[in-house]
Protein chains: 2
Amino acid sequence: MKRPGSDLPRDAARLSQGDLAGLIGYRLRRAQQELFRDFAASIPDLSPGRAGLLMLIEANPGVTQSRLAQAMALDRSTMVGVLDALESRGWLERRKGSDRRTNGLWLTRAGRVTLARVKRRIADHEMRVTARLSSAERERLLVLLGKLCPE
Amino acid sequence: MKRPGSDLPRDAARLSQGDLAGLIGYRLRRAQQELFRDFAASIPDLSPGRAGLLMLIEANPGVTQSRLAQAMALDRSTMVGVLDALESRGWLERRKGSDRRTNGLWLTRAGRVTLARVKRRIADHEMRVTARLSSAERERLLVLLGKLCPE
DNA sequence: TATTGTTATACTCTATAACTATA
DNA sequence: TATAGTTATAGAGTATAACAATA
């Protein structure tokens, strides 16, 4: 994705932020917007959410769709299409569980290979977007964000 | 918006987070997801982005659409529909500028009244979602997020 | 009865490309 | 030529409601 507004003149005076600057919600949204753009530009294979899903399946082989949905705070109907896409790319497979209502999820060999590569790129991406933070600040930010959204 | 997965059993063991827990990008996305849900539930009139737009116009009366788009890191074509919606609700008006290519944006009386109410609700929302943070931590988080996404 | 996965459907937010009026 | 606003179109990500199979 191109950076929006990159075709606009850059000389205009800065807008006043008004009451916006002091809002955590605003800063959070803008920061996430920035990170998302950098992620998309450097890891075109996969969105942040999809990559997270693969990591979660890797860490919890055999997890069911509903449990995964719950862990990612998504509806289980949303999960179906997402998993369809990852499965059709050959990165994961569904296997019927002993409770025959459920599907267990496993990464395929190709999925593990792809994920390993993606993880290296994510590490680069993280370093790039947090370049203005010291490593102590980075740690601190992680803790504060964790407090904002427990679990 | 309902909290997704709220109809799922809550007793299952917690999933391992794997490598996810250490990623700023992941924490940021999840935190923003949480905040967005609380915002939507407590301020149904307006999305966070729309509310931010009104605040920016309030702080910069007469701003043009393109400058506003640039300040919010949105494409100017995206701005058109958003402003159409806010204008049709009677909260802002476009006035032709002296450069007749441009529209200047102003809040209407109704827009100012609505925004004042919305701002009070946003203040409540911010307090609620940052309830687990001390005021020093809240300040610190604001600074760190600002470093992540300068301007 | 309750849960899992699924389908059909719709909504929000956003972008790209091409157009027009103006500068 | 370049910029501002606009339109048509498309894509990603998400939700709700209803359904069949299974527990």
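Chain letters run A, B, ... following the sequence lines, proteins first, then strands; residues in each count from 1.
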Do [X] and [Y] have side chains that approach each other closer than 4.5 Å (heavy atoms only, starting at C-beta)?
{"X": "A:L142", "Y": "A:E139", "result": "yes"}
{"X": "B:L148", "Y": "A:E34", "result": "no"}
{"X": "A:V129", "Y": "A:H125", "result": "yes"}
{"X": "B:L23", "Y": "A:E126", "result": "yes"}
{"X": "B:L133", "Y": "B:R140", "result": "no"}
{"X": "A:L53", "Y": "A:M79", "result": "yes"}

Point to revise | Pairwise distance CZ(A:R37) to SG(B:C149) - rounded to 0.5 angstrom | key: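 Atom-to-atom, A:R37:CZ and B:C149:SG are 9.5 Å apart.
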**Study point:** From CG (B:N60) to CD (A:Q17), nearest 0.5 Å
**Key:** 9.0 Å
Spacing between [X] atom [atom1] and [N] atom [atom2], to the nearest angstrom:
{"X": "A:N103", "N": "C:dT7", "atom1": "CG", "atom2": "P", "result": "11 Å"}
{"X": "B:R37", "N": "D:dT14", "atom1": "CZ", "atom2": "P", "result": "8 Å"}
{"X": "A:M79", "N": "C:dT6", "atom1": "CE", "atom2": "P", "result": "12 Å"}
{"X": "A:L86", "N": "D:dG13", "atom1": "CG", "atom2": "P", "result": "10 Å"}
{"X": "B:D75", "N": "D:dT6", "atom1": "CG", "atom2": "P", "result": "13 Å"}
{"X": "B:D84", "N": "D:dA4", "atom1": "CG", "atom2": "P", "result": "18 Å"}
{"X": "A:Q70", "N": "C:dG5", "atom1": "CD", "atom2": "P", "result": "12 Å"}
{"X": "B:Q32", "N": "C:dT14", "atom1": "CD", "atom2": "C1'", "result": "14 Å"}

Atom pairs, N/O to N/O, protein against nucleotides 18-23 of chain C, distance under 3.5 Å?
unit_1	atom_1	unit_2	atom_2	d
C:dT22	OP1	B:R100	NH2	3.1
C:dA23	OP1	B:R100	N	3.0

Tell me whether the side-chain N/O atoms of [X] come closer than 4.0 Å to OP1 or OP2 in [N].
{"X": "A:R67", "N": "C:dG5", "answer": "no"}
{"X": "A:R94", "N": "C:dG5", "answer": "no"}
{"X": "A:R50", "N": "D:dG13", "answer": "yes"}
{"X": "A:S66", "N": "C:dT3", "answer": "no"}
{"X": "B:Q65", "N": "D:dT3", "answer": "no"}
{"X": "A:S47", "N": "D:dG13", "answer": "yes"}

Check your understanding: So, does the side chain of B:T78 form a donor-acceptor pair with the base of C:dA15 at under 3.5 Å?
Key ->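 Yes, the side chain and the base share a sub-3.5 Å donor-acceptor pair.
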Review point. Going by heavy atoms closer than 4.0 Å, what residues in residues 52-62 of chain A are next to DNA chain D?
Key: none
Point to revise | Polar side-chain atom of B:R120 near backbone of B:L115 as donor-acceptor pair, under 3.5 Å | key: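 Such a contact is absent between B:R120 side chain and B:L115 backbone.
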Review point. Between the main-chain N or O of B:D99 and the side-chain N or O of B:T102, is there a donor-acceptor pair closer than 3.5 Å?
Key: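 Present.
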Practice item. Could you say whether B:G49 or A:T102 is positioned toward the 5' end of DNA chain C, judged by the nucleotide with the nearest heavy atom to each? Key: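 It is A:T102 whose nearest nucleotide is closer to the 5' end.
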